[in-house]
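Contents: one structure, followed by commentary.
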There are 2 protein chains.
Amino acid sequence: MNAERVLDGAMRAYWHSDPADVSVNAICQMAGISKPSLYREFGSEDGLSRAVLDRYAELVLSEVFVVLHGGHGLHQTLAALIDFASDDPRMETGCLFYKMRAGKHRLGPETRARVEEIDAAAQAAYAGFLQAARDAGEWPDGLSVEAGAKYLGEQIALAITQRASGEDKARIREMLTLALSVFERG
Amino acid sequence: MNAERVLDGAMRAYWHSDPADVSVNAICQMAGISKPSLYREFGSEDGLSRAVLDRYAELVLSEVFVVLHGGHGLHQTLAALIDFASDDPRMETGCLFYKMRAGKHRLGPETRARVEEIDAAAQAAYAGFLQAARDAGEWPDGLSVEAGAKYLGEQIALAITQRASGEDKARIREMLTLALSVFERG
DNA sequence: TCATTTTCGGACCATGCGGTATTTTATTCT
DNA sequence: AGAATAAAATACCGCATGGTCCGAAAATGA
């Protein structure tokens with residue numbers, strides 16, 4: 001029955017609209033399979049969405065982690081994040097992870113747990129990046145690494161979420177650049 | 001049948017959880033009235049949520065407009081906005097307007113139109129406030145008033161939305177203060 | 001080729017939704 | 001008190017949801 005194909009279709013659907021607005025019926029219809037087939041493969045809607053999130057993480061989110069762990073300087077890494085959030089065509093309809101996080105309470109337990117796991121990992125990655133910048137003397141004291149990491153993560157989430165709502169790319173870049181300028185002005 | 005009581009109950013329910021997660025059945029049950037009674041009063045779910053939004057606007061949002069039109073200086077007004085977003089007890093479970101805006105596509109046409117109307121009014125109010133600050137020489141050039149207004153509005157929305165998700169108040173204040181510091185450092 | 005095992009899907013279930021036709025209950029007027 | 005009127009609730013409709021039974025089809029092995 002080709003589970004991968006189903007997963008990709010579900011991912012696209014969840015991603016393009018919103019996980020809460022796509023029913024298993026719709027996914028089955030798009031994938032051209034029957035509902036029992038889907039349930040045999042994934043067990044439940046929660047299992048499906050969890051598998052989709054896993055795939056999304058290794059397909060898309062991994063790249064962000066690569067950027068954060070790249071070891072390039074503060075300025076260069078921030079610029080790469082800004083580029084990704086405000087210009088990458090894959091973020092044109094928003095980020096599936098952020099959509100799931102925003103509607104966390106509507107997810108099943110497995111998927112929700114995975115969302116929280118990824119959220120924690122992302123925050124840790126942001127914190128590691130900022131800590132390295134501080135160690136290199138590129139980022140002044142006055143704000144804790146944790147607070148900065150949370151701030152950075154939320155600003156990127158905001159920018160990408162705005163892309164999903166059709167906001168102008170240039171304006172998003174302008175706002176995100178402004179928000180992240182606090183890291184570069186001592 | 002006391003329409004005001006129903007409205008207040010619906011507002012609380014929508015506000016405390018999320019408009020998309022509260023059914024008309026639940027509202028009727030809470031208000032202790034029957035479904036036909038509710039439909040006679042408000043016509044449809046859309047009519048109900050629109051009425052709720054109207055009431056919320058005149059009850060809560062009006063205060064924000066008052067702050068923005070208060071004519072106090074840049075610093076003082078920003079401080080008031082930060083206080084409101086990060087400390088006002090009414091924002092402890094988030095802002096009903098932002099919740100509706102975030103789930104705009106799930107609303108009926110009337111309510112959605114009202115949301116867009118309020119959004120435009122808010123943006124205009126932010127822009128007016130920033131324009132006044134610029135005229136008074138309190139805010140340097142380099143960023144358009146419109147972009148600044150959008151940025152300001154989105155930062156406040158972000159802060160309040162984070163309160164709804166249980167984030168620590170002090171941390172939210174820290175982040176919002178950081179975000180809005182771009183207005184005060186030439 | 002026939003029997004066994006494995007995979008698949010049509011039809012169905014219970015539940016909850018927004019919304020309504022109809023009946024019952026109050027109220028008002030004479 | 002009794003008829004006319006206004007108000008409210010019971011009980012239902014059609015629909016979509018997540019989830020499952022059970023029979024049909026297909027692949028496998030002898």
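Quick note on labels: first sequence line is chain A, next is B, and so on, each numbered from 1.
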> Under a 4.0 Å N-O cut-off, is there an ion pair linking B:Lys150 with A:Glu174?
Replying inline: no
> Thinking salt bridges, do A:Arg50 and A:Asp46 make one under a 4.0 Å N-O criterion?
Replying inline: no
> Any donor-acceptor pair under 3.5 Å linking the side chain of A:Tyr56 with the backbone of A:Leu96?
Replying inline: yes
>> Between A:Val22 and A:Pro36, which residue's closest nucleotide on DNA chain D lies nearer the 5′ terminus?
In response: A:Val22
> Just to confirm, is there a sub-4.0 Å distance from OP1 or OP2 of C:dC8 to any side-chain nitrogen or oxygen of A:Ser34?
Replying inline: no
> Think B:Asn25 has a side-chain N or O under 4.0 angstrom from the OP1 or OP2 of C:dG18?
Replying inline: yes
Within this structure, what is the [atom1]-to-[atom2] distance between [X] and [N], rounded to whole angstrom?
X        : N      : atom1 : atom2 : answer
B:Glu41  : D:dA7  : CD    : P     : 11 Å
B:Lys35  : C:dG16 : NZ    : P     : 12 Å
B:Leu107 : C:dG18 : CG    : P     : 13 Å
A:Ile27  : D:dG19 : CD1   : P     : 11 Å
A:Phe42  : D:dG19 : CZ    : P     : 14 Å
B:Gln29  : D:dT10 : CD    : P     : 12 Å

Taking only the side-chain heavy atoms of [X] (C-beta and beyond), determine which of [options] contains the nearest atom.
X       : options                : result
A:Ser37 : D:dG19, C:dG9, C:dG18  : C:dG9
A:Tyr39 : C:dC8, D:dG19, C:dC17  : D:dG19
A:Glu45 : C:dC17, D:dT10, D:dG18 : D:dG18
A:Ser23 : C:dG19, C:dG9, D:dG18  : D:dG18
B:Ile33 : D:dG19, D:dT17, D:dA9  : D:dA9

>> Can you confirm whether the side chains of B:His105 and A:Asp18 place a donor and an acceptor under 3.5 Å from each other?
In response: no
>> Please tell me whether B:Phe42 and B:Leu107 are part of a single hydrophobic cluster in this structure, the criterion being side-chain heavy atoms less than 4.5 Å apart.
In response: yes
> Does any N or O donor sit under 3.5 Å from an N or O acceptor when you compare the side chain of B:Arg40 with the base of D:dA8?
Replying inline: yes
